Amino acid sequence: MTKAAVEAAGGSRGESKHESRSPDERGRRRPGLVAPALANLAIGVPAVIPLYLAYWLLTDYLPSTCDAFATRPDMSNCDYHTLDHAPVMMFLLAVTGAILLFAVLTVDVLGPRRRADDRPGRWLAMATLVPVPFLVLLCLAQT
């Protein structure tokens, strides 16, 4: 039975023409959002490291009131432990952040472009799920 005869008969199993998961005009099923969501959540698990480093930089290092040229160090309200760790933390943030950006670029932009039936728009929209594991751990640590 040809495709035109099946469409004229109203579908092979009584399916409606306006079904939400119906095949597109080429006969292929439209891809869903499950694969991009799971891939970006999987990227989010190792992304906890650079996101924590950025969180530390914004919450511990930047608000510190260290005066580098204070005449008496005991008179300033400076946490020298935070100051000592700052270069290492910034270096690790740069390295792990670059790795994270490369992973997101590879999975969300370059991966869908290799497949003819997929567009990067769905994948880039799901890239907002990358920080979700870090935010969940941060909320659990606050309680």
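From a predicted model like this one, the values you see are computed outputs, not experimental measurements.
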Quiz item: Listed by chain and number, what are the side chain to side chain contact (heavy atoms under 4.5 Å, CB included) partners of L41, not counting sequence neighbours?
Solution: L129, V132, P133
Quiz item: With sequence neighbours left out, which residue pairs that include part of residues 31-45 fulfil the side-chain hydrogen bond (donor to acceptor under 3.5 Å, both in side chains) condition?
Solution: N40-D108
Exercise. Consider only side-chain heavy atoms of I, L, V, M, F, W and Y, link residues closer than 4.5 Å, and tell whether L57 and V48 are in one cluster.
Key: yes
Exercise. Decide whether L135 and L137 are clustered together by the hydrophobic rule: side chain heavy atoms of Ile, Leu, Val, Met, Phe, Trp, Tyr closer than 4.5 Å, transitively.
Key: yes
Quiz item: Restricting to pairs with a member in residues 46-55, which pass side-chain hydrogen bond (donor to acceptor under 3.5 Å, both in side chains), not counting sequence neighbours?
Solution: none
Quiz item: So which heavy atom on P50 is nearest to which on G97, and how close?
Solution: CB-N, 3.9 Å
Self-check item: L138 reachable from W56 in the ILVMFWY side-chain graph, under 4.5 Å edges
Solution: yes
Self-check item: Remaining members of the apolar cluster that contains L100, side-chain heavy atoms under 4.5 Å
Solution: I43, V104, V107, W123, V130
Quiz item: Residues two or more places apart in sequence or in another chain: which of them pass side chain to side chain contact (heavy atoms under 4.5 Å, CB included) with L53?
Solution: I49, M89, L92, L93, T96
Quiz prompt | side chain to side chain contact (heavy atoms under 4.5 Å, CB included) against L38, all qualifying residues, sequence neighbours excluded | solution = V34
Exercise. List the atom of P131, the atom of A127, and the distance in Å for their closest heavy-atom pair.
Key: CD-O, 4.2 Å
